[in-house]
Amino acid sequence: MIILDSVTKKFGAFAAVDNVSYTIQKGESFALLGPNGAGKTTIVRMLLDFINPSSGSITINGLPASDPESRKHIGYIAEQHMIPPYLSGFEYLSRHASLIGLSGKDAEKEVDRVLEIVSMKGLERKNSAAYSRGMKQRIALGAALLGQPMFLILDEPITGLDPIGIRDVRKILENLRGKGVTVILNSHLLSEVEKTCETAAIMYKGKILIKDTINAIVKGHETLEDVFVRYIEHENE
Amino acid sequence: MNNVIKITVYTMRDQMRHKSFYVLLGLSILFILSIRGCYDGGYTVNGKIVDNATVAWHVSKIVFHLIAAGMFLMVSMLSMKIFSRDHEDGSVVLFLSRSVFRWQYVLGRVTGTWALCLVFMFILHLTIFLTVWAKTGTFISGYLTASLVCSINLLFVIACVCFLSLFLPDFISALFTMGILFVGFISDGGYQLINSDIVRSAVPSSINLEPALWRVLYPKVFMVQAYADAIISKSEFHNMGHFHPLLNLSFFILLIMTLMLVCFNRKEI
């Protein structure tokens, strides 16, 4: 379970995240939606302790986000995920495997498993400098899936992926449903969110405008996109 | 602690991927081997013929310090990019998105760079040691011990450059550290010179000159070199103040590392 309690993050006088509180239950597939600069990535960075909240608290599985132990079961993909150019995909995944405590044959097996999942088998020995953006995203997704994490934090995971890649990610996320994995998905692609997530929150200017199940947010003949636009336009008025 | 070792090993491996590392090592060894011709010549000083072993011994001591000075430059270049490169290529996210403490990451990076440079310097010093041994049959005892003693200087430079690179541009942080070393070189070098046998016999009153407090407390990088020199020469070491230079430098390393960890803990990734 992830709990954000009155979390605020200020950069100088500007509040990137403004008094945000919500709880993400275990096994929930949760989407964080909002236009650029809404504060979605700031929340993700606070979850991973890359930045500290100015006030409020974040707990992951009962541990404060500042405790590295809280990241033990987290898989993470950054928006435009970077892989050191001197590492091959295999080396990158092996390092992740080693950092989560896998070694020897276990690590090799696990790396092999995720390479199959992200369709990068056969390409893993190439230097990552030679990978396309989509291939890097696939390797990053593989790293996030290593060790069967309890939490997946995906910040724009389908950026740079081709339609087949997008479909693969959707399938992976659908497979994780019902397996107790908590997914936090930041995405601009609302149609994908509708297909893969159960709950969503719409953020704007650092505040949560609505958080509910997608079925409750989207009513009648509206799509998630319609609702999203309606909320943002209402705030702009 | 396990993570520190892992990151140390990764750091060494990553640095060793660069071809320039091997080119530099090869060129340095070639340079050292090229001076072996000095040991063969016939030298006369003040009308007395100097034997090959004495020449080799003096040349080795000079090259010992030249290598150390070259290593300061190399270490600064390597360490100034540690944090900025990790930030640019995603390495910092790789480590810190896992259950790695920030101090483990910093310590791993610093230790890895230090270990690599220590080995690099030791190989060069070992090359001289073996060359002298092979050419003249002279066994300069203390030479390799002195090399290990000097490695603390490398750690100081790494810690200093890394710490400064958290606030200053990479190149400026390396330059600033070189400046710190240069001031120490002038201050401690002057002290060593005043206390040398030649100056003491020429100007006996110089012995009574007490150095200013800041000179006594200043990081004793040059003094460690002088101490290493004394180990090789088996001569008397003229220390400045009551604290041994190794103690002085250990204190500064500890202080800088602590400050670096505190600052890095507050840094936004």
Side-chain angles (χ1 to χ4, degrees), chain A residues 9 11 16 42 44-54 60-61 63 65-88 91-103 127-129 136 139-140 143-144 146-147 149 151-153 155, chain B residues 1-24 77-79 81-109 111-113 116 166 261-269:
Chain A
K9 178 64 190 176
F11 296 103
T42 305
V44 166
R45 289 172 71 203
M46 284 193 285
L47 283 171
L48 293 156
D49 194 39
F50 290 168
I51 52 174
N52 296 320
S54 306
I60 301 168
N61 245 5
L63 292 168
S66 56
D67 184 345
E69 278 297 301
S70 69
R71 297 194 289 278
K72 203 166 186 176
H73 304 289
I74 290 180
Y76 164 66
I77 303 183
E79 188 181 4
Q80 295 187 10
H81 202 94
M82 287 178 291
I83 299 175
Y86 47 83
L87 292 180
S88 68
E91 286 171 315
Y92 182 74
L93 292 172
S94 298
R95 282 196 182 183
H96 270 283
S98 167
L99 290 169
I100 58 172
L102 297 172
S103 58
N127 211 307
S128 72
K136 282 182 189 167
I139 289 290
L146 278 169
F151 304 94
L152 264 184
I153 300 177
D155 195 359
Chain B
M1 205 59 198
N2 199 13
N3 285 335
V4 177
I5 296 166
K6 281 177 193 168
I7 297 170
T8 300
V9 173
Y10 292 149
T11 306
M12 291 176 77
R13 265 195 222 160
D14 293 347
Q15 297 284 14
M16 286 168 71
R17 281 170 205 271
H18 301 294
K19 283 178 192 153
S20 55
F21 176 83
Y22 299 99
V23 172
L24 198 64
M77 296 299 137
L78 281 181
S79 39
K81 284 241 163 239
I82 290 178
F83 293 137
S84 59
R85 190 192 48 227
D86 279 3
H87 189 77
E88 282 161 18
D89 70 16
S91 296
V92 71
V93 170
L94 188 162
F95 293 120
L96 298 183
S97 65
R98 296 297 178 186
S99 52
V100 173
F101 284 89
R102 288 190 180 202
W103 67 263
Q104 290 176 326
Y105 161 74
V106 171
L107 217 59
R109 281 310 202 201
T111 314
T113 310
L116 189 75
L166 291 175
L261 292 172
V262 169
C263 293
F264 192 81
N265 255 338
R266 292 179 186 163
K267 195 175 157 67
E268 299 193 337
I269 307 294

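Numbered from 1 within each chain, the chains take letters A, B, ... in sequence-line order.
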Just wondering, do [Y] and [X] contact through their side chains at under 4.5 Å, heavy atoms?
X	Y	answer
B:D89	A:P85	yes
B:N3	A:L99	yes
A:L87	B:R13	no

Where on B:R98 is there a heavy atom nearer than 4.5 Å to chain A: the side chain, the backbone, both, or neither?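 Its backbone and side chain both get close to chain A.
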Side chain / backbone / both / neither for B:R85 at chain A, heavy atoms under 4.5 Å: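 Neither the backbone nor the side chain of B:R85 comes within 4.5 Å of chain A.
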Contacting region of [X] [heavy-atom separation from chain B under 4.5 Å]:
X	answer
A:Y76	side chain
A:I83	backbone
A:R45	side chain

Looking at [X], I'd like to know if its [atom1] atom is crowded, meaning that more than 12 non-hydrogen atoms belonging to other residues, nucleotides or ligands lie closer than 6.0 Å.
X	atom1	answer
A:K72	NZ	no
B:R266	CZ	no
B:H18	NE2	yes

Picking from A:S128, A:A78, A:S98, which has the most non-hydrogen pairs under 4.5 angstrom with chain B?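 Counting heavy-atom pairs under 4.5 Å, the top option is A:S98.
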Minimum heavy-atom distance [X]-[Y], with the two atoms named:
X	Y	result
A:P84	B:S91	CG-OG, 3.4 Å
B:Y10	A:R95	CD2-NE, 3.4 Å
B:L96	A:R71	O-NE, 2.8 Å
A:F11	B:E268	CE2-OE1, 3.5 Å

